[in-house]
There are 2 protein chains.
Amino acid sequence: MEVTANIFKALSEIIRLRIMRLLIKAKKELCVCEIVDALDETQYNVSRHLNILKNVGLVSDRRAGTWILYSLSSKNVRFNQKLIETIESIPSDKEDDDMVRLRKRLKMRVKGRCVIGYKGKGG
Amino acid sequence: MEVTANIFKALSEIIRLRIMRLLIKAKKELCVCEIVDALDETQYNVSRHLNILKNVGLVSDRRAGTWILYSLSSKNVRFNQKLIETIESIPSDKEDDDMVRLRKRLKMRVKGRCVIGYKGKGG
DNA sequence: ATAGTATATGTAAAATAACGCATATATACA
DNA sequence: TGTATATATGCGTTATTTTACATATACTAT
């Protein structure tokens, strides 16, 4: 029960919901700098919020050189699956901008991999 | 998006999750005093948390004399429906005690209606 | 080792939220 | 009108969360 409350708490901030939407829609691993540019938020904030999502088991990470790639957690608990469906059913508005920026950013990948840091806000 | 974040925030406190579980499992309107006794929490806390759930549209209320009856919101938006399913899939632990107390409490109804106030903690 | 890049985190300040108590509101009934 | 009951709320205190800045860590390449 407390675990569940913490999962909902993790989804109770817009920036974290935007991160989840991004990962759900992108359907692929994203590195931190790509998420930073897609959301147009500071690096340290994105990093912190990613950590919160990770702590409740919603996302997982993997290192690839200096880059760290985040993706939806593969723990396919029934609850998590329902939750993803719920998030998918959120009516769109602002996060569309995120996807536009993400797509632009993903074009900068070389051979499918991120090769540059974030361009936007400092941190 | 912000609306959704607020809905998740409403579900990020254990007491509010317990209220939601109670209403989902009971499958009927419950008056505030019945919820107070089922959760064994103070009247003012239950009242406050019910108001938070109501403000985000998860529950709705209806007056019946001095009693106010709460139920799941009938707004059957797809998102809300998914959310209910998600909450239903939460593994049980503590809220089972809530249901035991609720059932005991519901037996005190007369002709299917609550006729007494709460017995438990003050407020 | 050194420099450069990507990501994470300690800390303090600001903003939010929860709790307890007392009290207010609304209704019922005499 | 006055009392009793059910529910809601204003306010102060405490606890939690978010943010911003600076800096630390981890890795790569020279």
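Every chain is numbered from 1, with letters handed out A, B, ... down the list of sequences.
Of the options B:Leu22, B:Asp96, B:Asp40, a side chain to side chain contact (heavy atoms under 4.5 Å, CB included) to B:Arg101 is made by B:Asp40 and by none of the others.
Phosphate proximity of D:dA20 to A:Asn45: present, with a side-chain N or O under 4.0 Å from OP1 or OP2. The phosphate of C:dC19 has OP1 or OP2 within less than 4.0 Å of a side-chain N or O from B:His49. Distances shown here put every side-chain N or O of B:Arg48 at or beyond 4.0 Å from the OP1 or OP2 atom of C:dC19. In this model, the phosphate group of C:dA18 is approached by a side-chain N or O of B:Arg16 to a distance below 4.0 Å at OP1 or OP2. Close to C:dT27, at under 4.0 Å from its OP1 or OP2, lies no side-chain N or O of B:Thr66.
Between A:Ser12 and A:Gly65, the one whose closest nucleotide on DNA chain D sits nearer the 5' end is A:Ser12. Positionally, the nearest nucleotide of DNA chain D for B:Val115 lies more toward the 5' end than for the other of B:Val115 and A:Glu13.
At the heavy-atom level, B:Ile116 lies under 4.0 Å from the strands shown only through sugar-phosphate atoms.
Regarding A:Asp37, its CG atom lies at a distance of 10 Å from the P atom of C:dT7, rounded to whole Å. Rounded to a whole Å, the CZ atom of A:Arg62 is 15 Å from the C1' atom of C:dA6. Across the protein-nucleic acid pair, B:Ile52 atom CD1 and D:dA8 atom P stand 13 Å apart, rounded to whole Å. Taking atom OH on B:Tyr44 and atom P on C:dA17, their separation rounds to 20 Å, with Å as the unit. The separation between B:Asn55 atom CG and C:dA17 atom C1' is 14 Å, rounded to whole Å. For A:Lys9 and D:dT16, the NZ to P distance is 9 Å, given to the nearest whole Å. Across the protein-nucleic acid pair, A:Tyr70 atom OH and C:dA8 atom C1' stand 8 Å apart, rounded to whole Å. Rounded to whole Å, atom P of D:dA26 lies 8 Å from atom CZ of A:Arg63.
No donor-acceptor pair under 3.5 Å is formed between the side chain of B:Ser47 and the backbone N or O of B:Tyr44. For the pair A:Thr86 (side chain) and A:Lys82 (backbone), a donor-acceptor distance under 3.5 Å is present.
A salt bridge links B:Arg109 to B:Glu34: at least one charged side-chain nitrogen sits closer than 4.0 Å to a carboxylate oxygen.
Contact of A:Gln43 with C:dA8 (side chain to base): a donor-acceptor pair of N or O atoms is detected under 3.5 Å.
Atom CD1 of residue B:Ile7 and atom CG of residue B:Asn55 lie 11.5 Å apart, to the nearest 0.5 angstrom.
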